[in-house]
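I have a structure I would like to understand better, so I am pasting it below and will then ask my questions one at a time.
Heavy-atom basis, side chains included; hydrogens, waters and symmetry copies ignored.
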Amino acid sequence: MEFNKTRKAKAGVLLIASPRFKNLGEGLQRGTYAERKGFVVDSFINQLRKELDIVFPGVVYDRDDVEEAMNSFYTGRVDFVIAEYLSWAEDFAWIRFLRDMPQIPILFVNHAREKVSFENTLDEDDFIDFLCTGNLVGSLEASGSIARTKRTEVKTIMGSDQEIFQQICVYAKAARVKGLLKQSTFGLLANYNEVMWSTYVDPYNLFTKIGAEMRFIPYSVYAEAIEDITNSDVQIFKKQLIDKYKVMDDVATDKLDASIRASLGISKLVDTYSIDAMIFNDIDPAMFHLIGLRAGFYPNHLNDCCSVLVPEADTGAGTITYILKLLSGKRVNFIEPFHIEYGENTFAAGHAGPNDYNGSDPEDVIIARDVRFAKTNYKYAGAPFAWYRMSSGRKTMAQLVEDNGRYKLVCTLVDSLPGKHLFATYSHSIFRPAGMKVTDLFDKILNVGTTQHFALVDGDYTKELQILSELMHFDYYEFI
């Protein structure tokens with residue numbers, strides 16, 4: 001399914017005002033209630049449009065207005081709704097909205113003022129301003145109906161104009177991902193990983209609870225895609241590699257070409273089947289017997305498509321990799337922690353197989369043999385891969401696992417340390433937890449009960465992951 005994975009978050013805006021106040025203040029210096037609210041609304045909508053795609057049918061005063069708003073939000077396929085009482089207002093429109101609006105994330109916002117514009121309400125002009133500032137009483141009135149209608153997807157926030165805007169932007173990123181997941185297609189190439197049962201995910205739950213549709217792609221189709229890659233395509237890709245990265249002396253040209261061709265074959269499948277997350281069982285003997293090697297490179301075309309590729313058929317890890325890709329738009333890596341060195345408060349982590357190195361510093365990547373399979377009888381035994389020392393800096397490390405129909409999302413912050421290439425066959429780095437002892441971190445993760453695979457991205461996305469977990473009803477664990 002073709003859709004825009006890099007689009008802005010799309011928000012419907014429901015602003016409720018009082019019809020009995022609407023025309024109060026005619027002839028006064030500062031205008032009517034409706035005119036004064038109009039200035040506030042225009043400022044708010046213009047602020048939102050800096051970051052979001054907005055659907056705003058107008059201020060809601062009556063039943064027709066709220067029905068028009070619901071229709072516009074539904075047909076506009078908004079990711080979430082920003083709702084606010086502009087002052088005290090009758091609650092019939094709000095309750096109708098809560099009853100009739102299809103299930104959707106709702107952010108119930110409450111702007112607070114540093115100072116009101118009046119000292120008292122003896123003057124009629126000031127009295128109208130007093131009515132205009134009464135959004136707290138309106139919000140309190142509205143809050144009871146949220147509970148009574150059991151709209152569990154409503155999140156309430158309060159703060160200054162800037163605080164509200166910042167919270168909306170973070171919430172919008174998570175709501176956008178929830179919306180995009182419902183349009184996404186995952187490809188399982190070609191089957192579950194029978195040596196790691198803990199990576200199994202129910203595709204029915206994946207579709208109904210997360211949103212992505214799973215396609216099962218046979219290795220035979222993969223082989224056909226590889227055959228369709230032209231020699232010209234291989235040579236263009238190879239020149240880009242060898243012009244930028246060091247190639248080890250023991251890399252055989254025919255095996256390099258074969259690894260490139262197999263990698264481009266995956267990219268072709270992504271295009272052919274419109275795959276957003278390719279879940280690759282890259283250690284299946286059946287694949288090695290047919291293809292002769294494990295693809296070793298990560299075509300940048302996947303990033304152009306905002307798609308991801310993960311190894312070992314781990315659908316949960318593929319899902320969190322894709323989620324971080326949608327949240328960040330950045331390179332996302334796939335790792336498993338190897339061992340702890342508690343004297344340095346560090347752990348080593350990485351993974352074999354294709355890992356995204358695109359956009360990295362040239363010295364961080366070496367074209368090297370995959371020594372793990374170098375002594376096998378497969379046709380291209382030891383075919384090379386991009387041996388990547390993962391970039392240094394603060395990163396979000398997260399994982400997603402299924403547990404009896406529910407999902408657990410675990411995240412933390414780590415610092416990737418600079419250094420040389422250490423572990424043959426594995427793209428890797430040495431990591432230090434950002435705010436705790438390394439033994440405490442993994443003790444907590446072990447007690448949650450997860451699996452070994454994590455996704456890794458530059459920056460701190462813990463707030464977005466927490467909100468997304470609330471929206472998706474994941475069990476959320478944050479260790480910082």
Side-chain angles (χ1 to χ4, degrees), residues 11-52 54-73 76 78 81-101 106-146 154 156-168:
V13 181
L14 182 81
L15 301 179
I16 297 175
S18 171
R20 70 174 60 194
F21 293 169
K22 184 174 184 178
N23 297 317
L24 293 181
E26 287 185 357
L28 296 178
Q29 182 179 358
R30 281 173 274 177
T32 64
Y33 166 92
E35 290 168 339
R36 298 182 205 206
K37 291 283 89 176
F39 294 128
V40 173
V41 168
D42 289 346
S43 176
F44 184 40
I45 295 297
N46 289 335
Q47 182 188 44
L48 293 175
R49 284 193 168 125
K50 294 176 182 178
E51 297 292 334
L52 309 176
I54 294 299
V55 175
F56 177 57
V59 174
V60 170
Y61 283 100
D62 56 32
R63 174 176 173 171
D64 290 341
D65 292 339
V66 75
E67 290 184 345
E68 180 185 353
M70 287 189 288
N71 288 336
S72 65
F73 300 158
V78 299
V81 172
I82 301 166
E84 183 173 21
Y85 263 60
L86 295 176
S87 68
W88 174 87
E90 299 82 352
D91 58 5
F92 60 84
W94 174 239
I95 297 170
R96 183 174 295 276
F97 176 79
L98 293 175
R99 186 194 68 179
D100 295 347
M101 184 68 194
I106 301 170
L107 193 59
F108 185 47
V109 307
N110 302 267
H111 284 87
R113 292 168 178 78
E114 183 176 5
K115 188 175 177 59
V116 297
S117 62
F118 52 87
E119 181 178 355
N120 56 56
T121 61
L122 301 179
D123 179 81
E124 186 181 1
D125 221 0
D126 288 334
F127 179 69
I128 302 302
D129 262 9
F130 168 76
L131 296 178
C132 287
T133 59
N135 59 315
L136 177 59
V137 64
S139 296
L140 290 167
E141 174 192 33
S143 66
S145 293
I146 296 172
V154 181
T156 300
I157 60 174
M158 178 174 284
S160 67
D161 289 357
Q162 189 58 32
E163 289 169 341
I164 290 288
F165 180 62
Q166 290 172 349
Q167 291 183 78
I168 288 172

*Of the non-hydrogen atoms in Ser87 and Leu131, which two are nearest, and what is the gap between them?*
CB-O, 3.2 Å
*Report yes if the side chains of Ile106 and Leu14 come closer than 4.5 Å at any heavy-atom pair, otherwise no.*
no
_Tell me if a side-chain donor or acceptor on Lys37 pairs with a main-chain N or O of Leu86 at a distance below 3.5 Å._
yes
*Nearest heavy-atom pair of Val60 and Ala69: which atoms, and what distance?*
CG2-CB, 4.3 Å
*Looking at Ala83 and Trp94, what are the two nearest heavy atoms and their distance?*
CB-CZ3, 3.7 Å
*For Asp125, what residues pass the side chain to side chain donor-acceptor pair (under 3.5 Å) criterion, not counting sequence neighbours?*
Arg30, Arg36
*Who passes side chain to side chain donor-acceptor pair (under 3.5 Å) against Gln47, sequence neighbours left out?*
none
_How close do Leu15 and Phe44 get, counting heavy atoms only, and between which atoms?_
CD2-CE2, 4.3 Å
_Could you report the tightest heavy-atom contact between Phe108 and Ile146, atom names first, then the distance?_
CD2-CD1, 3.8 Å
*Indicate the atoms forming the closest heavy-atom contact of Arg96 with Glu67, along with that distance.*
NH1-OE2, 4.0 Å
*In chain order, what residues pass the side chain to side chain contact (heavy atoms under 4.5 Å, CB included) check against Ser72, with sequence neighbours excluded?*
Val55, Pro57
Output side-chain donor-acceptor pairs under 3.5 Å for residues 113-120, partner residues at least two apart or in another chain, one line each.
{"residue": "Arg113", "atom": "NH1", "partner": "Asn135", "partner atom": "OD1", "Å": "3.0"}
{"residue": "Ser117", "atom": "OG", "partner": "Asp129", "partner atom": "OD2", "Å": "2.6"}
{"residue": "Asn120", "atom": "OD1", "partner": "Leu122", "partner atom": "N", "Å": "3.2"}

*Does CZ in Phe39 sit with more than 12 non-hydrogen atoms of other residues, nucleotides or ligands closer than 6.0 Å?*
no
*Which residues satisfy the side chain to side chain contact (heavy atoms under 4.5 Å, CB included) test with Ala89, sequence neighbours excluded?*
Ile16, Ser18, Tyr85
*Partner residues of Glu84 under the side chain to side chain donor-acceptor pair (under 3.5 Å) criterion, sequence neighbours left out*: His111
*Who passes side chain to side chain donor-acceptor pair (under 3.5 Å) against Thr133, sequence neighbours left out?*
none
*Please identify each residue that fulfils side chain to side chain contact (heavy atoms under 4.5 Å, CB included) with Glu51, with sequence neighbours left out.*
Phe165, Cys169
_Among residues at least two apart in sequence or on other chains, which ones pass side chain to side chain contact (heavy atoms under 4.5 Å, CB included) with Glu124?_
Leu28
*Would you call Asn110 and Leu136 a side-chain contact if the rule is heavy atoms closer than 4.5 Å?*
no
*Who are the ring pair (Phe, Tyr, Trp, His ring centres under 6.0 Å) partners of Phe21, not counting sequence neighbours?*
Tyr33, Trp88
*Rounded to the nearest 0.5 Å, how far does CG of Asp161 lie from CD of Gln166?*
11.0 Å
_Residues that Phe56 engages under ring pair (Phe, Tyr, Trp, His ring centres under 6.0 Å), provided they are two or more places apart_ = none
*What do you reckon, is CD of Gln29 surrounded by more than 12 foreign heavy atoms closer than 6.0 Å?*
no
*CD1 of Ile45 to CD1 of Ile82: how many Å apart, nearest 0.5 Å?*
7.5 Å
*Who passes salt bridge (charged side-chain N to carboxylate O under 4.0 Å, His left out) against Asp62, sequence neighbours left out?*
none
*Rounded to the nearest 0.5 Å, what's the gap from CG on Leu107 to CD1 on Ile164? Could you check?*
7.5 Å
